[in-house]
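Right, one structure below, let's go through it.
Chain letters run A, B, ... following the sequence lines, proteins first and then strands; every chain starts at 1. Below, each value reflects all heavy atoms present in this structure, side chains not excepted, and no hydrogens, waters or symmetry copies.
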2 protein chains.
Amino acid sequence: MTTVATASRREPLSRERVLREAIRLADDGGIDALTMRRLAQQLGVEPMSIYYHVRGKDAVVTGALDLVFEDVARRAAAATTPPPSSWREHLRARILAAREVLVQHPWAPRALESRGTMTPAFAAWVDTNVAVMRSGGLSWDLIHHAMHTLGSRQFGFSQELILDDPQGADGEPDPTAAAELGRLMPNVQAMLRDVVHDDEVGTLGWCDDRTEFEFALDILLEGLERRAG
Amino acid sequence: MTTVATASRREPLSRERVLREAIRLADDGGIDALTMRRLAQQLGVEPMSIYYHVRGKDAVVTGALDLVFEDVARRAAAATTPPPSSWREHLRARILAAREVLVQHPWAPRALESRGTMTPAFAAWVDTNVAVMRSGGLSWDLIHHAMHTLGSRQFGFSQELILDDPQGADGEPDPTAAAELGRLMPNVQAMLRDVVHDDEVGTLGWCDDRTEFEFALDILLEGLERRAG
DNA sequence: ACCTGAACACCGTTCAAGT
DNA sequence: ACCTGAACACCGTTCAAGT
């Protein structure tokens with residue numbers, strides 16, 4: 001419903017327009033769906049036209065990531081006004097805000113990791129996290145450990161593995177696959193039987209939902225706080 | 001110095017030989033260096049010959065991952081005979097053993113994540129981790145949380161970001177990049193000045209070394225143990 | 001049973017050219 | 001200033017064919 005919802009080839013190309021469309025492509029079809037040629041097609045333009053506005057594919061991905069992290073920063077700022085009184089609550093709120101945004105762009109964490117790239121918005125994000133801990137009185141040394149400890153979680157996501165889904169590709173429950181699970185992972189199967197809701201049985205409960213995310217985050221924050229005091 | 005060190009086109013192709021060479025390619029040049037065409041060339045064979053032994057590129061990567069996790073299992077078994085008395089020490093030893101192997105194959109964690117794929121050896125790895133916790137008396141529910149909490153760390157790696165390296169590409173220290181760091185990340189810079197050794201100044205200390213890995217791992221295990229007791 | 005060759009549908013990107 | 005077209009060096013894979 002926005003002005004660029006359909007690729008009306010009216011307005012001229014621009015860096016911003018290229019990057020926004022790149023985000024949409026990756027959101028819809030995963031990072032592999034983001035190719036220069038498809039991007040051009042989506043923008044109603046020849047592939048090479050993009051290169052006038054952006055240096056190459058690398059710059060497209062980096063630029064898209066930067067836009068996403070601008071969004072993260074905005075959301076975090078909103079979630080922390082007025083600022084929580086403890087560093088722990090402050091950091092916690094920031095990280096959960098990041099998560100809310102990045103859940104919308106599942107390709108972004110992976111792209112960030114696999115490129116190890118720095119963008120201004122991302123740099124600012126990390127730096128503010130450090131500042132929050134520092135003004136909470138943590139030593140530089142502990143802050144350094146904390147950065148490692150929180151790892152990618154400080155960027156609002158945890159690495160989850162989607163394991164075999166015993167549902168067949170057609171969506172039908174696959175008894176063969178369930179048996180296969182029991183053969184390969186008897187203990188995991190026992191765990192799932194106990195933990196997972198009935199209507200989820202057959203699917204591995206590898207769900208990166210907010211509860212699990214907070215469970216781990218709180219253990220980490222608790223451990224850091226203990227070492228700070 | 002092994003028999004297959006140089007691609008002597010003497011011995012016939014085999015699934016095993018294909019997968020071993022795939023691991024070597026990825027180890028040397030990263031996952032992007034692993035292409036079917038290069039793999040064939042390395043094996044002294046035409047690209048299409050590989051398809052007789054392996055279904056396609058996906059199967060190559062999956063198969064290579066499986067071999068790596070067989071190695072992980074061997075290393076972990078050796079590190080836990082005789083088995084440590086507490087579940088916490090047992091799990092800890094397994095995870096650190098996994099790390100030792102996966103540090104040699106940095107592409108493997110990423111490939112595992114980005115494909116969300118299951119292989120027999122990997123399934124067995126996860127399942128045994130569950131078994132260790134269960135025989136330590138943890139509830140299924142807590143074990144389930146634990147799997148989420150440990151996340152990719154239970155596979156021996158943590159997600160680390162290699163941030164901008166202020167060294168220029170030619171290896172010369174780049175004062176512009178250092179200034180850039182200070183501008184974008186003043187707090188991070190302050191932290192690094194305090195924490196990082198002198199000869200590392202200018203480089204971000206985002207080092208996934210064993211100390212940092214254990215620091216975080218122990219916080220997590222400690223938090224889980226507290227919730228178990 | 002095992003390997004090949006030609007061909008297809010894709011990539012990102014360079015370079016010279018159009019308006 | 002902004003966009004295009006042809007071309008190049010790569011991909012993974014299908015399919016029919018060789019030995």
Without decimals, in angstroms, what is the distance between [X] [atom1] and [N] [atom2]?
| X | N | atom1 | atom2 | value |
| --- | --- | --- | --- | --- |
| B:Arg38 | D:dC10 | CZ | P | 9 Å |
| A:Lys57 | C:dC10 | NZ | P | 15 Å |
| A:Leu34 | C:dC11 | CG | C1' | 12 Å |
| B:Leu13 | C:dA1 | CG | C1' | 13 Å |
| B:Ile50 | D:dT14 | CD1 | C1' | 16 Å |
| A:Gln41 | C:dC10 | CD | P | 10 Å |
| A:Asp32 | C:dA9 | CG | P | 21 Å |

Could you pull out the closest heavy-atom pair between A:Gly56 and A:Met36, with the gap in Å?
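For A:Gly56 and A:Met36, the tightest heavy-atom pair comes out as C-CE, 4.0 Å.
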
Nearest non-hydrogen partners of A:Met133 and A:Ala146, listed with the distance
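Minimum heavy-atom contact is SD-CB, 3.7 Å.
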
So [X], base contact, sugar-phosphate only, or nothing? Heavy-atom distance under 4.0 Å.
| X | answer |
| --- | --- |
| B:Thr35 | sugar-phosphate |
| B:Met36 | sugar-phosphate |
| B:Arg55 | nothing |

With respect to the side chain of [X], which nucleotide from [options] is positioned closest?
| X | options | value |
| --- | --- | --- |
| A:Met48 | D:dG5, D:dC3, D:dC11 | D:dG5 |
| B:Tyr51 | D:dC11, D:dT13, D:dC3 | D:dT13 |
| B:Tyr52 | C:dC2, D:dT13, D:dA1 | C:dC2 |
| A:Pro12 | C:dC3, D:dG12, D:dC3 | D:dC3 |
| B:Arg37 | D:dG12, C:dG5, D:dC2 | D:dG12 |
| A:Glu46 | C:dT4, D:dG5, D:dG12 | D:dG5 |

Could you verify whether a donor N or O on one side chain and an acceptor N or O on the other, from B:Thr62 and B:Arg115, lie under 3.5 Å apart?
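The answer is yes; a qualifying pair exists.
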
Go through the steps to decide whether A:Asp27 and A:Arg24 satisfy the test salt bridge (Lys or Arg N to Asp or Glu O under 4.0 Å), and finish with yes or no.
CA-CA 5 Å; A:Asp27 284 353; A:Arg24 195 163 348 173; over 6 Å; no

Should the pair A:Phe69 and A:Phe155 be assigned to parallel (<30°), tilted (30 to 60°) or perpendicular (>60°) ring geometry?
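Perpendicular, since the angle between the ring planes exceeds 60°.
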
Dot-bracket summary - DNA chain C, pairs being Watson-Crick or G-U whose distances fall under 3.5 Å, with | when paired to another strand
||.|||||...|||||.||

Taking OP1 and OP2 of D:dA1, is either one under 4.0 Å from a side-chain nitrogen or oxygen of A:His53?
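No, no such contact exists.
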
For A:Trp140, is the NZ or CZ atom of B:Arg193 found under 6.0 angstrom from the centre of its six-membered ring and inside 45 degrees of the ring axis?
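No, a cation-pi geometry is absent between B:Arg193 and A:Trp140.
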
Under 4.0 Å between a Lys/Arg side-chain N and an Asp/Glu carboxylate O for B:Arg17 and B:Glu21?
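The answer is no: the pair does not qualify as a salt bridge.
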
